[in-house]
Number of protein chains: 2
Amino acid sequence: MNNDLNQIRIFCQVAQLQSFTQAAESLEIEKSTVSNKVSQLETRLGVKLLQRTTRSVKLTDEGAQYLKFCQQAMHQIELGEALIGDMQQQAVGHLRVAVPQNFADVMASMVVVPFLSEHPKVTLEMQQGAQNVDLIKDGFDLAIRASFSEIDDSSLIYRKIYQSQRIFVASAEHVAKFGNAINIQQLREQPYIASFAGERNDTSFNQVYVDGRWHTLQARFTVNSIAAIVQSMQANLGFAIMPVTMVRDKLASGELVQIAPQVKLTDSVIYLVYPSRKGQPAKLKAFIDTLVCWGEKMMLKNHR
Amino acid sequence: MNNDLNQIRIFCQVAQLQSFTQAAESLEIEKSTVSNKVSQLETRLGVKLLQRTTRSVKLTDEGAQYLKFCQQAMHQIELGEALIGDMQQQAVGHLRVAVPQNFADVMASMVVVPFLSEHPKVTLEMQQGAQNVDLIKDGFDLAIRASFSEIDDSSLIYRKIYQSQRIFVASAEHVAKFGNAINIQQLREQPYIASFAGERNDTSFNQVYVDGRWHTLQARFTVNSIAAIVQSMQANLGFAIMPVTMVRDKLASGELVQIAPQVKLTDSVIYLVYPSRKGQPAKLKAFIDTLVCWGEKMMLKNHR
DNA sequence: AAAGACTGTTTTTTTATATGAACAATGATT
DNA sequence: AATCATTGTTCATATAAAAAAACAGTCTTT
């Protein structure tokens with residue numbers, strides 16, 4: 001290559017150390033390379049930068065002038081790389097996260113608050129309902145997905161952080177009124193409160209796999225918030241499908257009760273999706289850690 | 001090479017043009033090279049700098065931060081190279097010249113004054129009596145040599161700018177007193193005013209080649225200034241050896257007369273010596289031009 | 001809806017470059 | 001003063017990088 005920037009680094013080193021040999025050693029290259037690169041640079045610029053005897057190396061007038069600029073340039077690059085190093089070690093900068101519609105409220109209290117207080121130099125942007133965004137194109141650092149069918153997309157890292165059994169739950173009053181259903185047919189006759197995970201026509205959350213085929217429950221009421229569903233159940237609007245962990249406390253206190261335990265549902269699984277595992281900035285590592293930690297805590301709660 | 005500065009230029013170009021393909025075209029390299037270099041840079045820094053789809057290229061948070069520093073660095077280098085370009089085109093800077101002892105006065109009026117007035121941005125340092133200096137080691141841009149024996153030194157450019165017949169001259173009064181000598185023996189009996197060109201023991205200027213061997217004239221008075229010698233002759237201190245051109249006017253006006261025209265002297269030759277012909281800064285080119293021009297004018301005067 | 005144009009990446013081949021030894025030149029040392 | 005150690009440069013060879021072509025996506029257009 002004619003216009004080789006490495007010539008400049010090498011020239012700087014020679015000029016600074018006043019020696020081709022020492023420059024070669026410090027850069028861990030051959031002195032013949034040093035000699036050639038400096039010659040190339042001189043030829044390209046059309047100026048002799050260094051006057052050299054076999055015994056001494058001195059800057060020419062032009063070389064001294066040029067060196068100043070080169071040294072500043074090298075310094076700028078050093079500063080830049082130091083900054084990158086810092087960003088790798090310390091969580092700083094802006095983080096854009098895509099979360100499913102029905103997860104915002106769960107995240108806010110249990111993840112966002114502790115994360116932001118632990119990492120004061122990070123700013124967080126959480127975009128709800130951006131379930132199927134293109135991480136790279138739309139500039140997200142991370143997405144949380146609650147898909148039940150795993151999507152295979154190379155170049156993206158999928159990481160399961162949470163898996164929980166889902167159950168049918170309702171208020172005690174609801175059970176008293178409709179009876180405790182024991183199969184899918186009976187459930188379909190009871191009012192159902194649906195959630196949707198992502199896109200408008202995404203019905204995966206409302207599908208029940210029984211006897212080798214999928215049954216879709218028709219919803220009386222649909223809302224994209226876990227908290228709203230719980231409240232609706234307590235208002236006796238109907239039964240719902242919930243991850244066990246989400247309603248563990250309500251079940252313990254008797255506010256909600258499980259119905260149709262014989263009917264098995266697929267698990268609720270939460271994935272983290274992010275582009276490329278290597279070269280993660282510290283801010284992303286930190287957020288992933290927080291999420292993984294949260295997932296583990298939730299799972300423990302489940303199996304307690 | 002692991003730490004390749006060219007990665008940075010390429011990254012800058014990609015980031016600026018938001019395209020690998022366009023960056024490759026503008027840098028006149030292959031897009032595969034661009035792709036590889038950016039990947040190398042990312043690997044080295046351990047950060048993804050650019051998020052890329054097959055259709056779009058976007059800076060990451062880290063990439064944007066890093067880019068700022070890289071752009072500044074590139075800008076610095078551009079400034080430096082622009083300066084070098086100017087120095088090549090416009091005579092600026094400091095010029096160190098070594099001249100023989102007996103040339104300073106000749107140079108001052110006929111070369112230095114017109115040169116400095118024509119090139120106001122050049123500062124000139126003229127070191128007298130530095131005849132046999134090491135151009136490179138001692139940091140001279142140019143030396144003027146009046147050697148009679150050509151020295152062969154590779155890596156140095158020798159350029160003859162002036163050659164003149166030397167003659168014996170004296171004042172008319174001197175001739176009246178001592179008679180017009182016709183051979184070397186007669187000359188040796190007359191008082192001789194000597195010059196020396198360089199080192200203290202340099203007698204080449206006072207040697208006369210006659211009948212196949214060298215004769216050294218014993219000087220009654222030695223001084224290292226052409227002007228002083230002329231004045232001394234006019235004060236009838238003795239005869240001297242002078243290049244014809246130097247005393248052309250004095251001979252024409254009758255102030256000085258040639259003696260012993262039968263005795264042939266070697267020519268006076270003036271050389272320019274400078275390191276490396278290519279990559280000369282404009283200041284040096286300009287000074288060489290002035291000297292060559294001066295030499296030609298003097299030679300013309302001679303043959304008129 | 002399907003083909004085409006254009007993106008960035010990967011792979012193979014060709015080219016260029018770094019290397020290491022020998023070299024010429026200089027200063028220090030004996 | 002002569003040898004020795006060390007400098008920067010040169011040259012043949014091994015190595016690494018750039019080029020060229022093939023590839024796998026994505027968006028546009030017919």
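Letters A, B, ... are given to chains in the order of the sequence lines, protein chains preceding strands, and every chain is numbered from 1. What you see is a predicted model; the values in this text were computed from it and never measured.
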Trainee: Strictly below 4.0 Å, N to O, side chains only: are B:Asp61 and A:Lys283 in salt-bridge contact?
Mentor: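 Salt bridge present between B:Asp61 and A:Lys283.
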Trainee: Using 4.0 Å as the upper bound for N to carboxylate O, is an ion pair formed by A:Glu25 and A:Lys31?
Mentor: no
Trainee: Quick one: ring pair (Phe, Tyr, Trp, His ring centres under 6.0 Å) pairs with a partner in residues 15-65 of chain A, sequence neighbours left out?
Mentor: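 Every pair satisfying ring pair (Phe, Tyr, Trp, His ring centres under 6.0 Å) with a residue in residues 15-65 of chain A: there are none.
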Trainee: Quick one: which protein N/O atoms are closer than 3.5 Å to N/O atoms of nucleotides 27-30 of chain C? Pair and distance per line, please.
Mentor:
{"from": "C:dG27", "atom 1": "OP1", "to": "B:Lys137", "atom 2": "NZ", "distance (Å)": "3.0"}

Trainee: In terms of side-chain heavy atoms, does A:Lys68 have a donor or acceptor partner in A:Gln71 at a distance below 3.5 Å?
Mentor: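 No, no side-chain donor-acceptor contact under 3.5 Å.
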Trainee: Would you classify A:Val34 as touching base, sugar-phosphate or nothing, given that sugar-phosphate means primed atoms plus P, OP1 and OP2, and contacts are heavy atoms under 4.0 Å?
Mentor: nothing
Trainee: Can you tell me if A:Asn6 uses its side chain to pair, donor with acceptor, with the backbone of B:Leu5 under 3.5 Å?
Mentor: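 Present.
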Trainee: Not counting sequence neighbours, list each pair that qualifies as a ring pair (Phe, Tyr, Trp, His ring centres under 6.0 Å) and has a residue in residues 33-65 of chain A.
Mentor: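 For residues 33-65 of chain A, and leaving out neighbouring residues, there are no ring pair (Phe, Tyr, Trp, His ring centres under 6.0 Å) pairs at all.
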Trainee: For A:Tyr158 and A:Arg145, which heavy atoms make the closest approach, and how far apart are they?
Mentor: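 Here A:Tyr158 and A:Arg145 meet closest at OH-NH1, 3.5 Å.
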Trainee: Would you name the heavy atoms of B:Tyr274 and B:Asp141 that are closest together and state the gap between them?
Mentor: CB-O, 3.5 Å
Trainee: Does a side-chain N or O from B:Lys37 land closer than 4.0 Å to OP1 or OP2 of D:dA17, or not?
Mentor: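 Result: no.
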Trainee: Please collect all ring pair (Phe, Tyr, Trp, His ring centres under 6.0 Å) contacts where either partner lies in residues 44-85 of chain B, sequence neighbours excluded, each pair once.
Mentor: B:Phe11-B:Tyr66
Trainee: Can you build the contact string for nucleotides 11-16 of chain C? Use B for base contact, S for sugar-phosphate-only contact, and - for no protein heavy atom under 4.0 Å.
Mentor: -----S
Trainee: Are side-chain N/O atoms of A:Lys160 and A:Gln163 paired as donor and acceptor at under 3.5 Å?
Mentor: yes
Trainee: If you take any heavy atom closer than 4.0 Å to DNA chain C, which residues from residues 21-31 of chain A end up in contact?
Mentor: A:Ile29, A:Glu30
Trainee: What is the nucleic acid contact for A:Ser19, judged by heavy atoms within less than 4.0 Å: base, sugar-phosphate only, or nothing?
Mentor: sugar-phosphate
Trainee: Where the side chain of A:Val57 is defined as all heavy atoms beyond and including C-beta, which of D:dG8, C:dG8, C:dA18 is the nearest nucleotide?
Mentor: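 Nearest listed nucleotide: D:dG8.
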